[in-house]
Amino acid sequence: MQDVENRLLILAGQIYAACRLGAWCFDEEKHLFISTAPHREEYHMFLQSGGCLQMAIDRKDEPGIPYIMNGKLGLAWIAEWVHLQSGSRLLVVLGPVYLKNTPIDYSLQRLDMQGISQFLRRQYLNVLGDVPVLSFDMLRQYACILHYTCYQENVSPISLQADALESEREIREADRMPDQNDYQRMAAYEDMLLYHLAKGTKPEKGSNNYKGELQDFGLGDSLRQIKNNLIIFTGLCAQTVVKSGVPLYTAKMMENEWVYRIENLHGFSAAGKLREEMYDAFLDQVCRQRDDAGQSWAVCECRNYIQMNYMKELTLEEIAQHCGYTEYYLSRKFAKETGSKLNEYIHQVRIDAAKIMLLTTSKEVQEISEDLHFGNRNHFDRVFRKRVGISPARFREQRGKMENIGEET
Amino acid sequence: MRLRRLENYLDFMEAVQSCESDVYFNSCEGDHLNLKSVLSQFLFASICSDHDFLEQGSVECKKSEDYGRLRDFLCEKDIEMCDGAD
């Protein structure tokens, strides 16, 4: 029977030939005897800096059973202590290995955040480029082979799992490739959201087992993929609200606005929030449309057009042209259905906007008046006073004070 | 301070770990690696066999006492100049 050292040498050669997986032998003092890995110095530092070498050393008193370590920055290693006939102990390590699910992407993201030079980036990627990529199951098989080589006995995968480090769950999670269920769950979740959107009702939280995480299906550029998913979902929302009665123009404007915001996303963390905001905006639009029930399409379109364009110099001619009616017919129809004149409605929308601008910006009243096309300050004051009861300056003073008191308390 | 030709990188990294404060490696390409961070350690590892590149860079300790801990890995001339300045 061959001694364990010879068997390990054969194993080291075989696994390197099979998938360039390196084998390492250390003594109890962390001294390296032999390594078959490429980039030996670099990988040795990875093993040490990632904390896995110490992790393995700490387990030297545990009975011989292989375990898988998930080191920092996504590199995994297999380790097992071997009792030699001489009475000393030998630590055998196989690795490094990247588990599946685009770990190189993760490394690249970290590199981008670090802002390093092209030279260093190239060197680093050259070194990482030789790290084999294996599935977790494959890694477990190598662990079983290692154990057999050391002790000539089989180890059951179950006992291997039980003895694996706490980080095993993380490893398994990272190793998990997206399956059909992920797509189905996400599609079902979006269907549920669209169903509620069409009805104008807010979906209950937790009404679906799936929490609606934005999925990265591991196809490459994760952020791009999430943006694409969001853009598609925005398009679906826009289509749904049109079917629920929201004018096509309004839906398209909203869609364009949200696509623009999605394209400007810079991180994953903001993506979930943006999707919620986008969904709520479409839902609000449907609800507003429901409130306007009983009004003709032309009047709804007219109101929406005014709401979207009140910062422009609106003319009756332009609005009528947009709605496809004559000025005379549209103004009569609007007054009949809403009970107020078109001009008054435009004033109302602009005064609502002015209130917000007065409280949230430091613009002069004159400037706000000009932004909202009131012509001159006197006219703005008069219209504002008529609708709010006080002048714009007084409104800013009073409400500003109230907000300050609110903040102080 | 410039690095000497490193014979054993792991010893150098262990010495860095023993430093009280952050230790940076500034490369000639403008990289600024905090050798206490794992990613930077990995990046540093990937250039550890490029002796010329390492020798063109410099090591910077946030606390001047830490230079003493790295004395064995730094250029003697630089240490002498630093000691002389003190």
Side-chain angles (χ1 to χ4, degrees), chain A residues 22 24 26-27 29-33 35 37-55 57 69-77 95-96 98 103-104 106-131, chain B residues 1-62 66 69-75:
Chain A
W24 310 69
F26 296 89
D27 69 6
E29 304 302 322
K30 293 201 266 188
H31 294 132
L32 177 64
F33 286 135
S35 167
H39 306 291
R40 201 178 73 172
E41 285 172 333
E42 291 88 341
Y43 290 170
H44 192 182
M45 277 179 73
F46 289 177
L47 179 62
Q48 180 137 323
S49 300
C52 286
L53 186 55
Q54 191 55 47
M55 215 185 275
I57 294 288
M69 300 176 292
N70 190 18
K72 288 173 183 166
L73 300 179
L75 290 176
W77 308 76
Y98 262 135
I104 198 86
Y106 172 70
S107 304
L108 288 178
Q109 282 162 21
R110 297 286 302 265
L111 281 187
D112 290 343
M113 284 158 66
Q114 188 93 354
I116 58 164
S117 67
Q118 284 299 330
F119 173 80
L120 187 51
R121 185 189 172 95
R122 197 181 59 219
Q123 292 287 107
Y124 183 57
L125 293 180
N126 273 345
V127 173
L128 287 187
D130 285 329
V131 175
Chain B
M1 287 203 199
R2 284 170 302 155
L3 274 173
R4 269 190 219 177
R5 182 168 280 246
L6 292 179
E7 297 301 333
N8 190 330
Y9 302 92
L10 292 167
D11 288 348
F12 173 65
M13 291 315 292
E14 276 186 15
V16 167
Q17 291 311 309
S18 71
C19 290
E20 278 181 20
S21 196
D22 286 344
V23 179
Y24 294 92
F25 174 74
N26 301 321
S27 81
C28 55
E29 295 283 335
D31 302 299
H32 193 57
L33 304 178
N34 179 353
L35 297 180
K36 291 252 174 138
S37 116
V38 176
L39 177 60
S40 290
Q41 284 172 19
F42 277 38
L43 287 165
F44 186 74
S46 66
I47 46 165
C48 69
S49 50
D50 189 337
H51 296 289
D52 292 339
F53 189 75
L54 286 188
E55 282 166 19
Q56 284 169 31
S58 65
V59 171
E60 181 189 338
C61 296
K62 257 196 160 180
D66 286 336
R69 294 185 170 92
L70 302 178
R71 183 174 279 268
D72 294 344
F73 307 95
L74 301 174
C75 275

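Below, read A as the first sequence line, B as the second, and so on, with proteins coming before strands; counting in each chain starts at 1. Side chains included, hydrogens not; waters and symmetry mates left out as well; all remaining heavy atoms used.
Here CD1 of Ile116(A) is found 11.0 Å from CD of Glu29(B). Values are rounded to the nearest 0.5 Å.
The shortest heavy-atom contact between Ser46(B) and Gln123(A) is O-NE2, 3.9 Å. Between Leu43(B) and Leu120(A), the shortest heavy-atom distance links the atoms O-CD1, 3.7 Å. Contact record, Cys48(B) with Met45(A): SG-SD, 4.3 Å, taken as the closest heavy-atom pair. Phe46(A) and Phe42(B) get closest at one heavy-atom pair: CE2-O, 3.4 Å.
A donor-acceptor contact under 3.5 angstrom links the side chains of Ser49(A) and Gln41(B), judged on distance only. A side-chain donor-acceptor contact under 3.5 Å links Glu14(B) and Gln48(A).
Under a cut-off of 6.0 angstrom, the local environment of CZ in Arg40(A) is sparse, with at most 12 non-hydrogen atoms contributed by other residues, nucleotides or ligands. Sparse packing is recorded around NZ of Lys62(B), with 12 or fewer heavy atoms of other residues, nucleotides or ligands lying under 6.0 Å away.
Judged by distance alone, the side chain of Asp31(B) and the main-chain N or O of Ser117(A) form a donor-acceptor pair under 3.5 Å.
Heavy atoms of Phe119(A) lying under 4.5 Å from chain B belong exclusively to its side chain. With a 4.5 angstrom heavy-atom cutoff, His44(A) touches chain B via backbone and side-chain atoms both. Contacts between Asn8(B) and chain A at a heavy-atom distance below 4.5 Å are absent for every atom of the residue.
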